[in-house]
Peer 1: 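Let me give you the structure first, and then I'll get to my questions.
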Amino acid sequence: MTTLSFEDDGVDIVYEGTEFRMERELIEEATQKTYYDVTDHEVLQLVEPDPALSGEPRRIGDIV
């Protein structure tokens, strides 16, 4: 299971027992969107090769 914790300047992630941080700029560059318009599903897709997406995607701007 992957855990995402969103903050104004990036996302703290735990993936397969490894903790790391994706900075806001990296997420914006990878998605070609402003940070607050990126969804939690899009971030999960950057981390996992084939994530099991459930529920409605939520914009980071609505989360933080």
Side-chain angles (χ1 to χ4, degrees):
M1 178 179 180
T2 301
T3 305
L4 306 174
S5 177
F6 296 93
E7 296 178 1
D8 284 322
D9 59 349
V11 182
D12 291 322
I13 302 168
V14 179
Y15 174 65
E16 294 186 351
T18 302
E19 296 180 32
F20 61 97
R21 181 169 183 80
M22 288 183 78
E23 296 295 330
R24 175 183 182 154
E25 294 80 17
L26 178 65
I27 293 169
E28 289 177 334
E29 185 177 321
T31 60
Q32 295 298 298
K33 292 182 171 182
T34 62
Y35 182 68
Y36 294 112
D37 288 331
V38 176
T39 67
D40 56 346
H41 286 190
E42 290 171 310
V43 174
L44 190 57
Q45 289 172 325
L46 293 173
V47 176
E48 291 190 36
D50 189 25
L53 302 174
S54 62
E56 291 294 316
R58 294 176 39 206
R59 289 176 53 249
I60 293 174
D62 295 334
I63 297 170
V64 295

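The first residue in the sequence is number 1, and the count goes up from there. Computation of the quantities below employed the complete heavy-atom set of this structure, encompassing side-chain atoms and omitting hydrogens, waters and symmetry-equivalent molecules. Here the structure is a predicted model, which means the values were calculated and not measured.
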Peer 1: Could you tell me the separation between the CG atom of Asp9 and the CE atom of Met22, rounded to the nearest 0.5 Å?
Peer 2: 13.5 Å
Peer 1: Considering only heavy atoms from C-beta outward, does the side chain of Leu46 approach that of Thr31 to under 4.5 Å?
Peer 2: yes
Peer 1: Does a side-chain heavy-atom distance below 4.5 Å link Ile60 with Arg24?
Peer 2: no
Peer 1: Do you reckon Val14 sits in the same ILVMFWY cluster as Ile27, going by side-chain contacts under 4.5 Å, direct or chained?
Peer 2: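 No; tracing contacts between hydrophobic side chains, which count when under 4.5 Å, never links both residues.
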Peer 1: Just do the side-chain contact (heavy atoms from CB on, under 4.5 Å) check on Leu4 and Tyr15 with the steps written out, would you?
Peer 2: CA-CA 9 Å; Leu4 306 174; Tyr15 174 65; over 6 Å; no
Peer 1: Just verifying a value: how many Å separate His41 NE2 and Arg58 CZ, rounded to the nearest 0.5 Å?
Peer 2: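 If I round to the nearest 0.5 Å, the distance is 9.5 Å.
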Peer 1: Can you tell if the side chain of Tyr35 reaches within under 4.5 Å of the side chain of Glu23, non-hydrogen atoms only?
Peer 2: no
Peer 1: Would a 4.5 Å heavy-atom cut-off, applied to side chains only, mark Lys33 and Arg59 as touching?
Peer 2: no
Peer 1: Mind checking the CD-OG1 spacing from Glu56 to Thr39? Nearest 0.5 Å is all I need.
Peer 2: 10.5 Å
Peer 1: Could you grab the distance from atom CD1 of Ile13 to atom CZ of Arg21, nearest 0.5 Å is fine?
Peer 2: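 Taking CD1 in Ile13 and CZ in Arg21, the distance rounds to 9.0 Å.
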Peer 1: Heavy-atom distance under 4.5 Å between the side chains of Val38 and Phe6, does that happen here?
Peer 2: no
